[in-house]
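Worksheet: one structure, shown below.
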Amino acid sequence: MFKLNINNMVAANSSCTNKFTPDQWINNNEYRLACSKAHRSSAERLIFEVKRIAELTAEKDRLNKEETDYHLKENIKTIEFSKDELFEIQKNVALEIDALLVGIKRISNTLNNEFESAYLICGKCLFAREHRIGIDLVYDDVQKELHKENELIQRIKIILFQVLEQSQEQVRKLKSILYHMNHDLEGKEYNLNVHQENLNSKESCLDLNSHRGKFNHNSITTLQEWEIQWREIILTGTKEINTANTLRSYVDKSLKRAIDDLNKQKKLTDEAFKKRIEQTSEAKIKLENEHSEIIRQTKTLGGQITNLEKSIAQKENSMALVFKQLNNCCKKEDSISLYDVYNKSLIAEVVDQRKIISELQRKLYDAQTCMRSLFKIQIQLEEDINIKSNTIKIDEVDCMTLRQILE
């Protein structure tokens, strides 16, 4: 519009110049002076016509100036409105950048502190439990929950790294939008200053002659192109702000879900540890009680073995006495020995003593065999108690002390 008005003014000036030039006016006056009085009336009518055209031209110039100033003021209002709207979007973009940077810091802290610590502690617990020995080196519920915890931590770390990369990329986009907005605002500020200068320009300016007849068409952008460019920046900024807002919400949800999932799994793992420690402690107490009973039983059985050995020795002494008595009976000087009731009684006593000694010896053998079994069981119980003590130390002291850091 501005371009068309300038061309109209140039065309008008060119038209006026083509109709009336100074040389023509001089020649015309000379010609008129040479003409008769009849031509004076034509000259007077021409002078009147020129005066009327000058007045009309001045009026038209005034109206054109008013219209141009009106459009110039409208342009100023439009630029100021677009500037205000861009300022508002620019402020929101800057706020989203700051908010996303806070989210990025939260994700980084969560990854580097909580999840890295949880991952290391879980790994240390798994490593420590590899030092269980004997029958306690079992793939129990604690081991299952620790592996679940380890897998969960790795999976969450991957998700949070993806969210972190998305947030960093969104910050990059917002900063790019902010750069274009700042550039556009600089352009609008420049145009606003130019418009204000044009609005305040007067014909009495000293440097008007240096610009007379000069006009650069190359740097002019149409109003439609200007509005398209401005609206595109506004729409892009609004779109990226909404994307950033959604991403921030996703960051909050991801962090909350990650912490909740970790705490939930940690609770399951700790409960498995607690249950396993209780089971191991209960088994250890039972083994210790059984160990005490074995020791008591061993002492009792040892006393019985001693009694059996004494009884056997006594029975052997008694049988030796009976044999002596029988031998004495066989040494009588009479040619005939009587096989009387006494002899029968001695022989019966020998038979009975042999049976009793044989029975006692069997019982002694059984008792000694049982004693060896009790000693073997005692050693096995002591080994199992040591195994349980080692497991309790690993689970309760080493692992649970470490896991208290996660609380």
Side-chain angles (χ1 to χ4, degrees), residues 127-144 272-331 339-400:
F127 178 77
R129 297 194 94 238
E130 290 299 320
H131 291 80
R132 293 174 295 164
I133 55 178
I135 191 63
D136 278 19
L137 191 60
V138 60
Y139 191 77
D140 52 12
D141 289 340
V142 175
Q143 206 73 0
K144 293 177 183 177
F273 261 114
K274 183 178 179 182
K275 185 177 179 181
R276 189 59 176 169
I277 291 170
E278 290 175 353
Q279 291 173 345
T280 308
S281 299
E282 183 179 351
K284 180 173 176 287
I285 291 172
K286 289 180 179 180
L287 289 171
E288 289 172 341
N289 292 337
E290 187 63 24
H291 182 262
S292 299
E293 289 297 320
I294 288 293
I295 292 176
R296 185 186 63 78
Q297 196 72 27
T298 302
K299 290 180 180 179
T300 303
L301 187 58
Q304 293 299 321
I305 288 173
T306 302
N307 292 335
L308 283 171
E309 289 174 343
K310 289 180 180 180
S311 296
I312 290 171
Q314 291 174 357
K315 294 300 179 183
E316 288 177 345
N317 289 334
S318 297
M319 192 170 65
L321 179 61
V322 173
F323 273 112
K324 181 180 180 182
Q325 291 174 348
L326 281 172
N327 288 329
N328 288 337
C329 290
C330 293
K331 291 178 181 180
Y339 186 71
D340 55 12
V341 176
Y342 174 67
N343 287 339
K344 290 180 179 180
S345 177
L346 287 175
I347 293 172
E349 187 175 348
V350 169
V351 173
D352 288 341
Q353 289 290 351
R354 282 179 174 175
K355 289 180 179 180
I356 291 172
I357 290 173
S358 178
E359 182 65 24
L360 288 174
Q361 286 176 339
R362 284 196 301 270
K363 293 299 180 184
L364 178 61
Y365 176 79
D366 291 341
Q368 289 173 340
T369 302
C370 184
M371 178 67 80
R372 287 193 295 272
S373 298
L374 288 176
F375 278 132
K376 184 178 180 180
I377 291 174
Q378 180 181 340
I379 293 172
Q380 291 175 346
L381 287 173
E382 288 172 355
E383 289 178 353
D384 287 342
I385 290 170
N386 289 333
I387 289 173
K388 297 295 182 288
S389 298
N390 178 68
T391 301
I392 291 172
K393 175 185 176 299
I394 290 173
D395 286 349
E396 188 171 23
V397 179
D398 298 340
C399 292
M400 291 307 292

Under the side chain to side chain contact (heavy atoms under 4.5 Å, CB included) rule, what do Gln368 and Glu309 come out as? Steps first, then yes or no, please. CA-CA 11 Å; Gln368 289 173 340; Glu309 289 174 343; 3.9 Å; yes
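- Considering Arg129, Lys274, Arg276 in turn, Arg129 is the only one that fulfils the salt bridge (charged side-chain N to carboxylate O under 4.0 Å, His left out) rule with Asp395.
- Under the side chain to side chain donor-acceptor pair (under 3.5 Å) rule, Ser358 has a single partner from Arg362, Arg354, Gln361, which is Arg362.
- Panel note: side chain Asp384, backbone Glu288; no donor-acceptor pair is recorded below 3.5 Å.
- Between Asn390 and His131, the closest heavy-atom pair is ND2-O, 3.2 Å.
- Using a 4.0 Å cut-off between charged nitrogen and carboxylate oxygen, Lys286 and Glu282 count as a salt-bridge pair.
- Smallest separation of non-hydrogen atoms from Asp136 and Lys388: OD1-NZ, 3.0 Å.
- For the atom pair CG (Asn289) and NZ (Lys284), the distance works out to 10.0 Å, reported to the nearest 0.5 Å.
- Using a cutoff of 4.0 Å between basic side-chain nitrogens and carboxylate oxygens, Asp140 and Arg132 are scored as salt-bridged.
- Using a 4.5 Å heavy-atom cutoff, the side chains of Lys310 and Thr306 are in contact.
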Test side chain to side chain contact (heavy atoms under 4.5 Å, CB included) applied to Ile379 and Glu383, step by step: CA-CA 6 Å; Ile379 293 172; Glu383 289 178 353; 3.9 Å; yes
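- Summarising the local packing, CZ of Phe127 is surrounded by 12 or fewer heavy atoms from other residues, nucleotides or ligands at distances under 6.0 Å.
- No salt bridge links Lys275 with Asp141; every basic N to acidic carboxylate O contact stays at or beyond 4.0 Å.
- Minimum heavy-atom separation, Ala367 to Leu308: CB-CD1, 4.3 Å.
- Across every non-hydrogen atom of Met371 and Leu301, the tightest pair is N-CD2, 3.5 Å.
- Ionic pairing of Glu359 and Lys355 is not present here: no N-O contact between side-chain nitrogen and carboxylate oxygen is shorter than 4.0 angstrom.
- Closest approach of Ile133 and Ile387 over heavy atoms only: O-CG2, 3.2 Å.
- When every heavy atom of Ser281 is checked against every heavy atom of Ile392, the shortest pair comes out as OG-CD1, 3.6 Å.
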